[in-house]
Q: 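The structure's right below; bear with me while I get my questions together.
Order of appearance sets the numbers: ligands from 1, and atoms from 1 within every ligand. Nothing fancy with the numbering, it's 1 onward along the sequence.
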Amino acid sequence: MSKNQSDDMPTGAFNEGRRRFLAGSAAVGAVGMAGAAGVAGVGALTRSQPAQAASNGNGLSVHVDPGELDTYYGFWSSGQSGEVRVMGVPSMRELARIPVFNRCSATGWGQTNESLAVLGDSAQFQNGDLHHVHMSYTDGKYDGRYLYVHDKLNTRVARIRLDIMRCDKMVTVPNAHAIHGLRVQKAPKTGYVFANGENIVPLPNDGRHLDEPEHYWSVFTGIDGESMEIKWQVWVDGNLDNCNADYSGRFAASTCYNAERGVTLADKMRFERDWVVVFDIHAIERAVESGDYITIEGSDVPVVDGRGPDTPFTRYIPVPKNPHGINATPDGKYLIANGKLSPTCTVIDTHKLPDLFDNKIELRDTVVAEPELGLGPLHTTYDGRGNAYTTLFIDSQVVKWNVEDAIRHYNGESVNYIRQKLDVHYQPGHLNATLAETAEADGQWLVVLSKFSKDRFLPVGPLHPENDQLIDISGDEMKLVHDGPAFAEPHDCIMCRPDQLNPSPIYSRDDPYWEQARKWAEEDGVDLDTASTVIRNGNKVRVYLTAVAPQYSMNKFTVKQGDEVTVIVTNLDRIEDLSHGFAIINYGVSMEVNPQQTSSITFTADKPGVYWYFCTWFCHALHMEMAGRMLVEPA
Ligand code: K7E
Ligand code: CUA
Ligand code: CA
């Protein structure tokens, strides 16, 4: 493999790039950046003058003045921490955490009845491994409705409502063994959530086959993003790593690093090429509609057989070697697979895919470039100006390269497609640029999620932080502007503009989130908005409380030892940010109750005595006094 081509790159390449960029930025300025002008130095980042206004070459400032707002939202996955983190970019301030597969001491996620209803049977698991987070789309653009995430550890997919930034749906995917790659349909609308089964296992995996890898397979799953119903699966050859969707809505594609269907490290590296599996979503839908599918014992999800070279559902495009990420260019033209063990990326022309499925062209005819980029390409992102940015895990670099130039080079022209290589710290995995997963990629900021931080921060013991680095890509050259330590372990992130979201400042009283509590109140003949009472039914006791700073509606309530107690608390405050909580000492009970929200929690009153309950959010000068007593009569 040849060495890093930027080492001897003539500086003229940058000048040429600059001219191209300036032409491009004028167009960016025309769409949606109106009214903002000038250089964004410190202080230019105000609410009325977004940072993206400045595009005359790396004039962006990472500094957001006190009281000023960030110009992008970031949604960070958190790997084995199991949550989603909401960030402000470019300040890299953490704004919120959204518990999903983890348990949360502050909000009561995993303990409240509302969260347990979302978790369903999978509440048996206290943890998860959340790698990828993607927003719902309409016509190739973020539409601000939902985030979709997956759990590699316990084979789940979940949805987050972006109005309240809480998880509202979770499904366990049958037949798959670890969900890894997750992407959503980009057009016309989400649509499907696509989920890759990573590890190969027997189908069904019920013990009848054990150490017999010839019976091991994986499946690709399509989930309805509205109902979160699992609509179908495709039985595939090899395994599935990352995936992506095109911008037409017809195709999805996944990388496979285990075409060998091996079970050891050596097995999985035997072939020089693995593949990108392309899925024809329309063909899958047609087969499912016409009943042309099987089911696998233990689940009734329709499964179509996508193994083999000429099924109507799949095509296996050979690519070198143990590929990892796959990323669609914002113009919809290409899907770029990252070589990992090969120093290359493979550029697949999406417009050739219909011909491939019609058997008019060969598998490799869809490949229009295979640029050599450096060691360990993992993921690629885009600036909307024709450039791609790829992480080089082994080289600890981000390489900026031009896609059309790489295609010209592949066609035999003598052209240097590498624009720049930038050292990052260290061993980068995912990277993402602002809006780069959408048709609106705006080429302002790039975040690279480095796996190792080594010496970049004060030492904190053997578990080092990861390092989320911020790079200004608005000019010709990438400029590293910020190091962001992060706890285990952001794999991926996306960024969108604030105008693409519409988070609710307080809850609406008719929110479906506490449907169960509403039903209980109806059964008990009480009104949730005013109820302040204890309703007993045998040894089941429901305690209805309201909260208005700095008081609960009852100073005390009495139950009997052994009762199953459900406490239902409604926060009647309408003031933004006036959250209360409800916690009972030595009962391990604690939950959030935000303005206009109803939250509930069920436990057994197994210990007699006096137990104080108290508010957990510092809501008022008399917050410490916002408390009451649960009196548990001995049995
Ligand atoms: Cu590359 Cu799980 Cu997206 Cu991590 S995956 S880096
Ligand atoms: Cu209510 Cu503190
Ligand atoms: Ca392989």
Q: Taking N, O or S atoms only and a limit of 2.8 Å, check whether H324 reaches atom 1 (Cu) of ligand 1.
A: yes

Q: Of all the heavy atoms in N242, does at least one lie under 4.0 Å from an atom in ligand 1?
A: yes

Q: Ring of Y146, cation from R159 - is the NZ or CZ under 6.0 Å from the centre and inside 45° of the axis?
A: yes

Q: If the threshold is 4.0 Å, N to carboxylate O, is there a salt bridge linking E489 and K451?
A: yes

Q: Take atom 1 (Cu) of ligand 2 as the vertex and measure to SG of C615 and SD of M626; round to 10°.
A: 110°

Q: With atoms numbered from 1 as shown, which atoms in ligand 1 lie under 4.0 angstrom from a non-hydrogen atom of H379?
A: 1 (Cu), 3 (Cu), 5 (S), 6 (S)

Q: Quick check with a 6.0 Å cut-off and a 45 degree axis cone: is K340 positioned over the face of Y257's six-membered ring?
A: yes

Q: What N/O/S atom of H623 is the closest to atom 2 (Cu) of ligand 2?
A: ND1

Q: Restricting to N, O or S atoms of H580, which is nearest to atom 1 (Cu) of ligand 2?
A: ND1

Q: Can you confirm if the NZ or CZ of R315 lies within 45° of the ring axis of W275 and under 6.0 Å from the centre of its six-membered ring?
A: no

Q: Looking at H132, which atoms of ligand 1 are within less than 4.0 Å of one of its heavy atoms?
A: 2 (Cu), 3 (Cu), 5 (S)

Q: Tell me the angle that SG of C619 and O of W617 form around atom 2 (Cu) of ligand 2, rounded to 10°.
A: 110°

Q: Under the criterion side chain to side chain contact (heavy atoms under 4.5 Å, CB included), I'd like the reasoning laid out for I326 against N338: C-alpha separation, chi angles, the key distance, then a yes or no.
A: CA-CA 6 Å; I326 181 161; N338 298 254; 5.5 Å; no

Q: Name the residue from H491, H131, E198 that meets the side chain to side chain donor-acceptor pair (under 3.5 Å) definition with K152.
A: E198

Q: Salt bridge between E272 and K321, side-chain N to carboxylate O under 4.0 Å?
A: yes

Q: Under 4.0 Å from a heavy atom of H180: give me the atoms of ligand 1 that qualify, with their elements.
A: 2 (Cu), 5 (S)

Q: Mind checking whether atom 1 (Cu) of ligand 1 has an N, O or S of H491 under 2.8 Å?
A: no

Q: Check contact between K451 and ligand 1, using heavy atoms of the residue and a distance below 4.0 angstrom.
A: yes

Q: Is there a side chain to side chain contact (heavy atoms under 4.5 Å, CB included) between N196 and I179 once you walk through the steps?
A: CA-CA 5 Å; N196 278 353; I179 297 300; 5.7 Å; no

